[in-house]
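The basis for the numbers below is simple: all heavy atoms, side chains too, and nothing from hydrogens, waters or symmetry mates.
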Amino acid sequence: MASLLVGYGAPLAASEFTLLAKPDTVAWGYYSGLSKPVLTVHSGDTVRMQTLSTCGPPEKLIAHGVPPADIPPYTQVIYDEVKDQGPGGHILTGPVAIQEAEPGDVLEVDILSVDIDASFACNGFGLGRGFLPMEYPYSRTKIIPLDRKRMIGEFSPGIQIPLHPFFGSMGVAPAGGKIDSAPPFAHAGNMDNKELVAGSILYIPVAVKGALFQAGDGHAAQGNGEVDITALETYLTGTFRFVVHKDRHLIWPRAETPEYYISMGFSRDLKEATEHALRDMIEFLEAEKHLSRDDAYMLSSVAVDMNITQLVDGNVGVHAMCPKKIFHNSGR
């Protein structure tokens, strides 16, 4: 994908910015095409974005055993001062406008780094939520210590989880007003795709002037499916480079890692989400790898993995992963 996408408007000397999480730089629970950007940059610029977790306010964390000193200090003021909340629950940093982006373009988001900012993560399920709500008709929260030097989560004695931090939510604004931050869709958003770690690239169709990118819902690790509705939720800071493409037009988000090309589909119905992801992979193989439609379908059957991304966010997610190593004389 990246080798065939030509950037637009990248300045000769790109600029770097830092966007801290503050009451006036977050959007609580929504993406909106009517939002005013908190930062405007150019195609080719880099932004380091600080984000909150979805673990809740300091008093909740302290009640579950987190030492007050371990809670990032910018948490309390955001919970105290941000009154414009909902309809979703994610506290997202942004939006960042990319000046050259127009509806119909594609925004390339190069995920340069993802850093864990806290020594703990939380996981929890709530009454009536998750994939098995009738079997767990109550709520529970668990705090998991994070060893950031060894990149291990101490889930419980004898159980250690390797940490691979990524943002559960990265997306742009839809056309129109507020939408819930929870269901992912064409704007990307709450994809919960654990493949999107540092070194990967996300491509999102642009629906409004400036694109209006937001990020949050930090995860230290997650299993595909995210079945109880949360991952190892934690505080992250990510560094993103934004590139606007005028010559590509996507319907669904796509992604790329050093090893895979990834297509995605989202729907309330798992079969339909799978169809979206598969059709978009076939389209990619036709357009970018110059396969016939029949060969693209066949290759998807013999080499592409169809994975359930998540099952719990209103719209379920499926991502198709095509290994790059099967293509000779072509690559990233």
Please check if any side-chain donor atom of Thr237 sits under 3.5 Å from a side-chain acceptor atom of Asp115, or the reverse. no

How about Ile251: does its CD1 atom have over 12 heavy atoms from other parts shown lying under 6.0 Å from it? no

Going through the distances and angles, do Glu272 and Arg279 end up as a salt bridge (charged side-chain N to carboxylate O under 4.0 Å, His left out)? CA-CA 10 Å; Glu272 188 172 273; Arg279 289 191 180 109; over 6 Å; no

Distance under 6.0 Å and angle within 45° of ring axis: Lys325 vs Tyr260: no

Are Leu163 and Ile116 close enough that some pair of their side-chain heavy atoms sits under 4.5 Å apart? yes

Side-chain heavy-atom pair Asn307, Met321 within 4.5 angstrom cut-off: yes

Between Asn224 and Ile308, is a side-chain contact (heavy atoms from CB on, under 4.5 Å) present by the stated rule, with each step listed? CA-CA 6 Å; Asn224 277 337; Ile308 295 175; 5.6 Å; no

Of the non-hydrogen atoms in Ala186 and Pro205, which two are nearest, and what is the gap between them? O-CG, 3.4 Å

Within a 6.0 Å radius of atom CZ on Arg129, are there more than 12 heavy atoms belonging to other residues, nucleotides or ligands? no

Charged N-O contact under 4.0 Å between Arg241 and Asp45: no

With the side chain counted from C-beta on, respond yes when Val318 and His276 share a heavy-atom pair under 4.5 Å apart, and no when they do not. no

Evaluation steps, side-chain contact (heavy atoms from CB on, under 4.5 Å), between Thr75 and Leu52: CA-CA 7 Å; Thr75 306; Leu52 268 70; 4.2 Å; yes

Between the CD1 atom in Ile62 and the NZ atom in Lys60, the distance rounded to the nearest 0.5 Å is 13.0 Å

Could you tell me whether Ile143 atom CD1 has more than 12 heavy atoms of other residues or ligands within 6.0 Å of it? yes

Name the orientation class of the two ring planes belonging to Trp252 and Phe185 (parallel below 30°, tilted from 30 to 60°, perpendicular beyond 60°). perpendicular

Please check if Ile161 and Phe120 belong to a single hydrophobic cluster, counting links between Ile, Leu, Val, Met, Phe, Trp and Tyr side chain heavy atoms closer than 4.5 Å. no

Main chain of Ala21, side chain of Gln50: is a donor-acceptor contact present, judged purely on distance under 3.5 Å? yes

Side-chain contact, heavy-atom cut-off 4.5 Å: Val77 with Pro23? yes

What's the separation between atom CD1 in Ile78 and atom CG in Asp24, rounded to the nearest 0.5 Å? 9.0 Å

Run Glu154 and Arg150 through side-chain contact (heavy atoms from CB on, under 4.5 Å) and show every step you take. CA-CA 11 Å; Glu154 301 285 355; Arg150 299 167 59 216; 3.6 Å; yes

Please report the shortest heavy-atom distance between Val227 and Leu311, naming the atom on each side. CG1-CD1, 4.3 Å

Parallel, tilted or perpendicular: which one describes the rings of Phe284 and Tyr261, with boundaries at 30° and 60°? tilted

Would you confirm whether Gln310, through its side chain, and Asp313, through its main-chain N or O, come within 3.5 Å as a donor-acceptor pair? yes

When you compare the side chain of Leu278 with that of Ser300, does any pair of heavy atoms fall below 4.5 Å? yes

Applying a strict under-4.5 Å side-chain criterion to I, L, V, M, F, W and Y, I'd like to know whether Leu236 and Tyr79 cluster together. no

Considering all heavy atoms of both residues, which atom of Ala173 and which atom of Ser32 are nearest to each other, and what is their separation? CB-O, 3.3 Å

Taking every heavy atom of Ile179 against every heavy atom of Pro87, the minimum-distance pair comes out as C-CG, 4.2 Å

Quick one: do Leu39 and Val172 end up in the same hydrophobic cluster if we chain Ile, Leu, Val, Met, Phe, Trp and Tyr together by side-chain heavy atoms under 4.5 Å apart? yes

Rounded to the nearest 0.5 Å, what separation is found between the CG atom of Leu146 and the CD1 atom of Ile152? 10.5 Å

Within the side chain of Ser263, is there an N or O that forms a donor-acceptor pair under 3.5 Å with the backbone of Ala277? yes

Take the angle between the ring planes of Tyr74 and Tyr235 and call it parallel below 30°, perpendicular above 60°, tilted in between. perpendicular

Rounded to the nearest 0.5 Å, what separation is found between the OG atom of Ser139 and the CG atom of Leu127? 5.5 Å

Please lay out, stage by stage, how Glu256 and Lys324 fare under the test salt bridge (charged side-chain N to carboxylate O under 4.0 Å, His left out). CA-CA 10 Å; Glu256 182 176 355; Lys324 289 182 175 181; 2.7 Å; yes

Is the shortest distance from a Lys or Arg side-chain nitrogen in Arg148 or Asp117 to a carboxylate oxygen in the other one below 4.0 Å? no

Take Phe240 and Phe167 through the ring-ring contact (aromatic ring centres under 6.0 Å, His included) test and state the conclusion after the steps. CA-CA 11 Å; Phe240 307 98; Phe167 290 90; 5.5 Å; yes

Check this for me, if you would: do Glu275 and Lys271 make a salt bridge, where the nitrogen-to-carboxylate-oxygen distance has to be below 4.0 angstrom? yes

Thr54 and Glu233 side chains, donor-acceptor separation under 3.5 Å: yes

Salt-bridged, Lys209 to Glu102, with N to O below 4.0 Å? yes

Please walk me through it: do Leu285 and Cys322 pass side-chain contact (heavy atoms from CB on, under 4.5 Å)? CA-CA 9 Å; Leu285 292 171; Cys322 179; 4.2 Å; yes

Give a yes or no on whether a salt bridge exists between Glu108 and Arg254, defined as a side-chain N under 4.0 angstrom from a carboxylate O. no

Whether Gln222 side chain and Asn193 backbone form a donor-acceptor pair below 3.5 Å: no

Can you name the closest pair of heavy atoms from Thr25 and Val38 and give their distance? CA-CG1, 3.9 Å

Please report the shortest heavy-atom distance between Val106 and Val206, naming the atom on each side. C-CG2, 4.1 Å

Is Gln160 atom CD crowded by more than 12 heavy atoms from other residues, nucleotides or ligands, each under 6.0 Å away? yes

Think Lys178 forms a cation-pi with Tyr30, using NZ or CZ under 6.0 Å from the six-ring centre and within 45 degrees of its axis? yes

Heavy-atom side-chain proximity of Gln99 to Val41 below 4.5 angstrom: no

Under a 3.5 Å distance rule, please check whether Lys22 uses its side chain to pair with a backbone N or O of Leu19 as donor and acceptor. no

Partner of Phe125 under side chain to side chain contact (heavy atoms under 4.5 Å, CB included), picked from Thr141, Leu132, Asp228, is Asp228

Please check: side-chain N/O of Asp110 versus main-chain N/O of Leu112, any donor-acceptor pairing under 3.5 Å? no

With a 4.5 Å limit on heavy-atom distance, are the side chains of Leu212 and Pro37 in contact? yes

For residues Phe131 and Tyr136, determine if any side-chain heavy atom of one lies less than 4.5 Å from a side-chain heavy atom of the other. no

Can you tell me how far apart CG (Leu270) and CG (Asn315) are? Round to the nearest 0.5 Å. 11.5 Å

Just how far is it from atom CE of Met298 to atom CG of Leu291, taken to the nearest 0.5 Å? 11.0 Å

Please say yes or no: joined through hydrophobic side-chain contacts below 4.5 Å, possibly via intermediate residues, are Val96 and Leu34 part of one cluster? no

Do Trp28 and Met170 share a hydrophobic cluster, counting only Ile, Leu, Val, Met, Phe, Trp and Tyr and linking them when any side-chain heavy atoms are less than 4.5 Å apart? no

Does one side chain, of His319 or Thr309, offer a donor that lies under 3.5 Å from an acceptor on the other? yes

